[in-house]
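Quick note on labels: first sequence line is chain A, next is B, and so on, each numbered from 1. Every heavy atom of this structure was used, including side-chain atoms; hydrogens, water molecules and symmetry mates were not.
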There are 2 protein chains.
Amino acid sequence: MRRNDAGGDVVARIKDLILRTGLHPGDPMPTEARLVEELGVARSSVREAMRTLSSLDIVEVRHGHGTFVGRMSLAPLVDGLLFRARLNDGNDLRTLREVVQARIALDLSIGQRLVEAWRDEDLAPARAEVERMRAAHAAGRSFADADQAFHAAVLSKLGNELMMQLGDAFWQVHTSALPLLDVPPATDIRLTIEAHDAIVDALEAGDTTAYEKAVRAHYSPLDRNLTASE
Amino acid sequence: MRRNDAGGDVVARIKDLILRTGLHPGDPMPTEARLVEELGVARSSVREAMRTLSSLDIVEVRHGHGTFVGRMSLAPLVDGLLFRARLNDGNDLRTLREVVQARIALDLSIGQRLVEAWRDEDLAPARAEVERMRAAHAAGRSFADADQAFHAAVLSKLGNELMMQLGDAFWQVHTSALPLLDVPPATDIRLTIEAHDAIVDALEAGDTTAYEKAVRAHYSPLDRNLTASE
DNA sequence: CAAGATTTGTTCGTATGTATA
DNA sequence: CTATACATACGAACAAATCTT
């Protein structure tokens with residue numbers, strides 16, 4: 001008797017194959033045809049399994065080229081949270097509020113480590129991103145790119161890949177969900193940009209307390225708006 | 001001209017359909033046949049799209065019964081992190097270490113709020129889980145269930161669904177990945193159980209400093225082992 | 001630039017397993 | 001037990017993208 005356990009079996013077997021053959025992110029996977037041979041299942045089943053693995057970013061599929069071991073990013077988390085945020089009907093900003101609170105918690109929780117990690121290190125890259133933000137705002141353009149790069153740069157010194165990806169994931173959900181909802185109008189942008197300056201200043205001075213204060217200032221306008229509409 | 005954008009299009013259209021028709025978690029989705037009609041694509045395409053949504057826990061499929069709107073849990077995050085941990089070959093405990101550090105950061109970051117949230121609230125449920133841990137350990141059984149329930153109970157008062165799910169997700173990765181790797185032997189279990197008691201004590205006393213100390217004690221044996229093998 | 005080979009993407013038809021009434 | 005509705009699996013054919021010769 002064949003047991004095709006709801007297809008989840010094929011997913012597990014392909015995962016095992018990746019581990020067993022010692023593949024790393026970026027390496028080419030066997031072709032669909034080869035997997036059909038080796039696993040003894042139909043191509044449709046292999047395709048559905050690959051689809052699952054692809055949506056988890058465990059593999060990356062390139063049409064007409066091939067399939068490769070993925071980077072296992074937190075893209076699925078972003079997808080799920082974004083959809084959750086959109087599912088909250090009308091004025092229910094619960095998911096967005098929770099994501100922002102998570103961002104705050106994350107930034108505050110690493111204050112100590114961050115100050116130590118940046119001691120005697122060059123903060124010029126982070127400072128440069130603040131300048132990019134200022135320039136973009138002055139030119140009337142969006143400064144989302146620079147904002148994202150700034151936070152990534154600050155977190156990079158932690159040496160914790162997961163935390164960095166978490167921070168970026170929350171950033172993505174935050175900035176993507178904000179325009180989709182009936183959210184209060186943006187507050188004074190200059191205050192936001194100055195908050196970024198304050199964060200760099202605090203790290204440069206090695207002052208944990210100042211860092212926490214700057215982080216709270218960075219989020220305070222939005223945080224107030226979100227909790228107010230509770 | 002037809003646009004079959006790598007099938008990701010179908011996923012987006014099904015997502016939109018959920019939002020447009022105002023479906024909520026648990027509600028039944030249209031059948032595959034109906035989706036084939038409405039979207040004008042083949043059954044296989046619908047199936048692959050549903051497979052993607054299923055692995056993201058946006059829909060839930062029950063064989064022979066139907067598909068329903070899912071609960072959008074963080075299961076995909078757990079899957080991805082677990083695979084990342086298994087992919088680190090040999091003695092590389094990087095992912096596990098990063099997950100544990102994320103747990104610590106999360107627990108520490110909410111100390112203040114947690115103390116306030118538990119003020120004048122009944123901590124008996126959390127205390128009961130500690131007793132279940134103690135009983136299970138005395139009987140030589142695993143106390144994983146009680147441990148998981150304990151941390152969930154503590155976080156529940158936060159009123160932040162996302163943080164609670166994040167904590168649980170990290171817990172799952174932590175406890176599932178630990179046995180898979182060549183990890184140092186378990187330290188004295190009684191100390192771990194006592195750390196849980198100390199957390200409840202701190203919350204009962206409304207003492208943030210004691211809470212942080214208890215959290216560090218809770219993780220310190222493992223944290224030391226993981227960073228030592230760096 | 002052109003032709004062909006390789007690989008993934010889409011579709012159809014059919015048969016089978018599973019839960020519900 | 002039967003009938004119905006539904007999801008699961010398979011295989012074959014053709015379309016589209018990419019790379020190589």
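The minimum heavy-atom distance linking A:A177 with A:L82 is given by the pair N-CD2, 3.9 Å.
Rounded to whole Å, the distance from CD on A:E32 to C1' on C:dT6 is 12 Å. One can place CD of A:E60 at 13 Å from P of D:dT18, the figure rounded to the nearest angstrom. Whole-Å rounding puts the B:H65 NE2 to C:dA19 P distance at 10 Å. The CG-C1' distance, from A:D9 to D:dC10, rounds to 16 Å in whole Å. Here C:dC12 presents its C1' atom at 10 Å from CZ of B:R43, a figure rounded to the nearest Å.
Axis angle, first five pairs versus last five pairs of the helix from C:dA2-D:dT21 to C:dA21-D:dT2: 10°, rounded to 10°.
In this structure, B:R103 is not positioned above the aromatic face of B:Y219 in the sense of NZ or CZ being under 6.0 Å from the six-membered ring centre and within 45° of the axis.
Of the two residues near DNA chain C, A:S44 and A:M50, the one whose nearest nucleotide lies more 5' is A:M50.
Here the straight-line distance linking atom CG of B:L81 with atom CZ of B:R86 works out to 13.5 Å at 0.5 Å rounding.
A salt bridge is defined here as a Lys NZ or Arg NE, NH1 or NH2 lying under 4.0 Å from an Asp or Glu carboxylate O, and A:E48 with A:R51 fails to meet this definition.
Across all strands, A:R47 comes closer than 4.0 Å to base atoms (heavy-atom distances).
One finds a side-chain N or O of B:S45 lying less than 4.0 angstrom from the OP1 or OP2 phosphate oxygen of C:dT11.
At most 12 heavy atoms of other shown residues, nucleotides or ligands fall within 6.0 angstrom of atom CZ in B:R113.
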